[in-house]
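Please read the structure below before turning to the comments.
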Amino acid sequence: MRQKAKVETYESPAGGWGSLNAVAHILTQEEVAVLGSEILLKQNKPGGFMCVSCSWAKPAKPRPFEFCENGAKATAWEVTGKTVTPEFFAQHTLAELRTWSDHQLEEQGRLTTPMRYDRGSDKYLPVAWDDAFRDIGGELNRLDPRSVVMYTSGRASLETSYMYQLFGRMYGTNNFPDSSNMCHESTSVALPEVIGVPVGTVLLEDFEVTDCIFFFGHNTTTNAPRMLHPLQEAAQRGVPIVTFNPLRERGLERFVNPQNPVQMLAGGTRISSQYCQVRIGGDAAAITGICKWVIEADDLARDNGAARVVDVAFIQDHCAGFEEFAAFCRAQDWDEIERASGLTRMALREAADTYMAANAVIANYGMGITQHKHGVETAKMIINLLLLRGNIGKPGAGISPIRGHSNVQGQRTVGISEKTRLVPLDRLAELYDFEPPRWDGVSTVDACEGILKGSVRGFVGLGGNFLRAVPERSLMEPAWSGLRLSVQIATKLNRTHLVPGEVTYLLPCLGRIEIDRQESGEQAVSMEDSTACIHGSRGQRKPVAEHLLSEPAIVAALAKATLKPNPKIDWDTWVGDYSKVRDAIERTYPDQFKDFNKRMFEPGGFPRPLGARERKWKTPNGKANFTVPKSAFAPPPESDGVYELMTMRADGQFNTTIYSEDDRFRGITGGRYVVFMNPVDMEDEGLTSGDTVTLVTEAGDGVERSLDELQVVPYGIPRRSLAGYFPECNVLIPLWHYAEGSKVPAAKSVPVRVFKDTIVETVEAGEAPVSAS
Ligand SMILES: Nc1nc2c(c(=O)[nH]1)N[C@H]1C(S)=C(S)[C@@H](COP(=O)(O)OP(=O)(O)OC[C@H]3O[C@@H](n4cnc5c(=O)[nH]c(N)nc54)[C@H](O)[C@@H]3O)O[C@H]1N2
Ligand SMILES: Nc1nc2c(c(=O)[nH]1)N[C@H]1C(S)=C(S)[C@@H](COP(=O)(O)OP(=O)(O)OC[C@H]3O[C@@H](n4cnc5c(=O)[nH]c(N)nc54)[C@H](O)[C@@H]3O)O[C@H]1N2
Ligand SMILES: [Mo]
């Protein structure tokens with residue numbers, strides 16, 4: 001039986017003493033107490049290293065401690081003194097390791113030695129780097145490049161990412177799915193169509209002058225805690241913050257800066273001025289309601305000859321599609337809006353009044369928007385709202401998608417994309433004198449389909465934990481064993497490493513916080529934050545093990561072992577001096593990376609030029625486009641007894657990395673197999689707090705997807721809605737359940753049924769073993 005979690009109501013504000021305790025705890029747990037705390041002073045500082053956790057902006061004038069509790073955890077996790085050596089692998093078969101939990105696996109520490117899987121003993125055995133590269137190069141050359149997938153998780157630097165995509169394209173593939181495909185791809189698809197940029201337009205300084213913030217579907221306390229500082233400062237200036245979230249998230253209510261003794265005593269600041277507990281997937285309807293109020297107020301003003309409510313000049317000069325959108329809003333029925341959004345028209349009226357009273361509005365959003373079937377349309381609805389009053393391309397206003405991984409946005413900028421139109425292929429062809437493939441590669445979902453069908457034969461993972469992060473786990477793991485080649489470049493042991501293909505390598509690399517010494521001396525790398533600012537980052541700590549190679553060195557060695565020599569590229573020179581890679585990036589993207597090497601340590605980072613910031617719209621019609629949603633009113637579950645399940649992060653995790661089994665702000669300690677449920681629904685189902693249930697996906701496709709022994713937690717969540725944790729719940733998500741247009745798995749709205757568990761017999765530690773391997 002699974003261990004029961006302790007459930008309490010968390011009454012304190014986010015931040016505060018709890019954060020300091022949590023930081024002290026993780027530093028001790030990871031055996032880096034003294035060293036760690038010195039290192040933390042370098043975190044997110046110009047000349048220091050950029051946090052490996054989230055991608056939130058780094059201010060030009062950092063606070064004395066420019067890190068948060070979760071950033072400190074991420075640092076401690078990487079610079080841990082614990083190591084996984086060949087002796088460790090000699091003691092454990094993969095069959096045994098597959099029964100360990102995600103936490104247990106990563107908790108063993110940093111990988112130290114390149115390893116090759118040995119089928120006879122079912123163990124990883126050490127291998128020399130050169131032998132590994134030679135063998136992988138040979139394998140790649142025997143495979144059709146179209147059948148090889150080169151995945152990237154969003155942590156690798158701009159330098160590594162650029163080299164990786166170049167290697168892949170010279171090898172002959174555009175199969176570059178990225179963690180972004182499971183994350184903000186809905187943004188990357190929506191925004192170019194409507195405002196001509198794939199990324200947010202807001203800079204950190206906009207938060208200083210904004211007079212209203214709209215906040216959709218992001219758990220900031222846990223997932224971008226440093227962002228609470230600008231939010232708090234705005235709230236202290238009296239800026240209204242209107243939040244849309246099905247759950248009552250603690251940090252979006254009150255926040256105490258743990259580094260400010262006065263606030264620690266005073267009990268913190270309110271963050272949200274209005275908290276709208278929208279129905280899961282109900283944001284497009286809610287925004288429609290707000291826009292409907294705005295349009296109605298504007299119609300009235302026009303009829304009375306009063307000052308217009310919408311920004312007429314902006315709409316005339318810059319926009320297309322306003323009339324159609326206004327007509328759409330006028331035509332929507334309030335009952336329907338209320339039903340689909342789960343919010344009353346008066347609550348939406350209040351939000352609309354706040355919006356109309358402000359001259360500069362920022363809209364932020366996270367996975368609560370993108371990971372839905374209608375994620376792309378809903379992102380466009382947020383743009384509609386902003387365009388009504390000219391809230392893009394002026395100080396204090398704009399769209400601010402909050403990205404996930406610390407360089408996920410930057411990877412796309414330097415060519416990690418399966419979509420050829422996003423990559424300057426002609427420029428690459430010209431610079432390196434080769435013919436890049438011109439076909440579109442696979443996204444994450446496509447890659448999974450290919451693995452299931454057997455058309456994908458090779459997989460190279462630059463970081464990440466692909467098998468754990470993707471949907472459809474019960475089918476994916478057995479199918480994975482059919483791969484000819486699986487190569488994982490990683491810092492820590494995870495589930496993906498434990499499901500071998502025919503030829504399987506585990507290649508350990510340096511982390512970003514470690515000193516990376518190459519021929520020309522200590523190297524720096526760079527990354528792009530959520531506000532499209534580029535930052536340099538220098539490693540601070542002696543590498544944890546002697547034989548680790550840097551990611552650029554591993555990518556270059558793989559390239560050399562696979563490709564014929566090309567006089568236009570000297571991989572060794574690049575590895576010897578990463579500034580040469582930055583020169584190459586600048587040659588490829590001269591507008592975006594002008595004077596890259598000179599500017600990379602500018603305090604606050606240097607912003608990439610973005611047309612939309614200056615109201616230059618690089619859309620097909622040269623305008624900022626209003627759009628009418630085709631189907632964004634995701635209807636509530638059709639049949640009786642079906643709930644909508646969102647899968648989300650706890651405070652004690654970074655994606656599939658589980659630091660601890662706690663979720664402090666939601667009051668959960670010591671367990672992740674929980675499901676949050678509305679107390680009235682619990683009563684209807686005859687459940688009391690602490691009962692366990694089995695969730696079964698309502699898919700109707702003949703595949704059985706279920707997860708048992710989930711402890712029920714009564715919670716402030718709308719009726720017919722459930723919340724559970726990623727990645728445990730991924731087994732419930734069908735592969736074909738994704739956002740239209742972007743293929744981001746719709747991890748925030750999985751239709752499930754709830755069954756009360758009666759007898760529990762099995763004893764499980766961690767994960768069940770995979771069936772076929
Ligand atoms: N410490 C830490 N930091 C992280 C990560 C981590 O795991 N740990 N992960 C990183 C990554 S890769 C990413 S992408 C980001 C993720 O950061 P978030 O975007 O915050 O991701 P989730 O934890 O999945 O939470 C989604 C939020 O959306 C809400 N939500 C769910 N459905 C809906 C809906 O239909 N409408 C609205 N309005 N809200 C909804 C949930 O209640 C929750 O508050 O964080 C990054 N930073
Ligand atoms: N159900 C559900 N599924 C989801 C989500 C959800 O909300 N719900 N969220 C999705 C999102 S937003 C994302 S971004 C994905 C995340 O998917 P991934 O990015 O694939 O997963 P991570 O858990 O971030 O990867 C962790 C692993 O990365 C490796 N690693 C860490 N640092 C480094 C490094 O510096 N270099 C290298 N080479 N390796 C390193 C370590 O081995 C570690 O085990 O999951 C997605 N899946
Ligand atoms: Mo993400």
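As a basis for the values below, the full set of heavy atoms in this structure was taken, side chains included, without hydrogen atoms, waters or symmetry mates. Quick caveat: nothing in here was measured; it's all calculated off a predicted structure. Each ligand, and each atom within it, is numbered from 1 in the order the structure gives. Residues take their numbers from the sequence shown, with the count starting at 1.
- The nearest protein atom to atom 17 (O) of ligand 1, hydrogens excluded, is given as N223 ND2, 3.1 Å; this is a heavy-atom distance.
- Nearest to atom 1 (N) of ligand 2 by heavy-atom distance, out of L105, L732, N730, is N730.
- Contact analysis leaves E78 out of contact with ligand 2, as no non-hydrogen atom separation drops below 4.0 angstrom.
- Each of the following atoms of ligand 1 lies closer than 4.0 Å to a heavy atom of G281: 34 (C), 35 (O).
- In terms of polar-atom proximity, V470 is not counted as a contact of ligand 2, lacking any N or O under 3.5 Å from an N or O of the ligand.
- Residue T220 places no N or O, backbone or side chain, under 3.5 Å from any N or O of ligand 1.
- The shortest N or O to N or O distance between N465 and ligand 2 is under 3.5 Å.
- Contact between P246 and ligand 1 is present, with at least one heavy atom of the residue lying under 4.0 Å from the ligand.
- Heavy atoms of Q371 stay at 4.0 angstrom or farther from ligand 1.
- When the options W77, F726, Y725, F466 are ranked by their closest heavy atom to atom 4 (C) of ligand 2, first place goes to F726.
- Taking only non-hydrogen atoms, the option from A746, A469, G404 nearest to atom 47 (N) of ligand 2 is A469.
- Residue contacts with ligand 2: C509 is included, with a non-hydrogen atom under 4.0 Å away.
- Atom 34 (C) of ligand 1 has its closest protein heavy atom at G368 O, 3.2 Å.
- Counting heavy atoms only, N245 comes closest to atom 41 (C) of ligand 1 of the residues N219, N245, I280.
- Distances shorter than 4.0 angstrom occur between a heavy atom of K748 and an atom of ligand 2.
- Polar contact with ligand 1: absent for C54 (N/O pair, distance under 3.5 Å).
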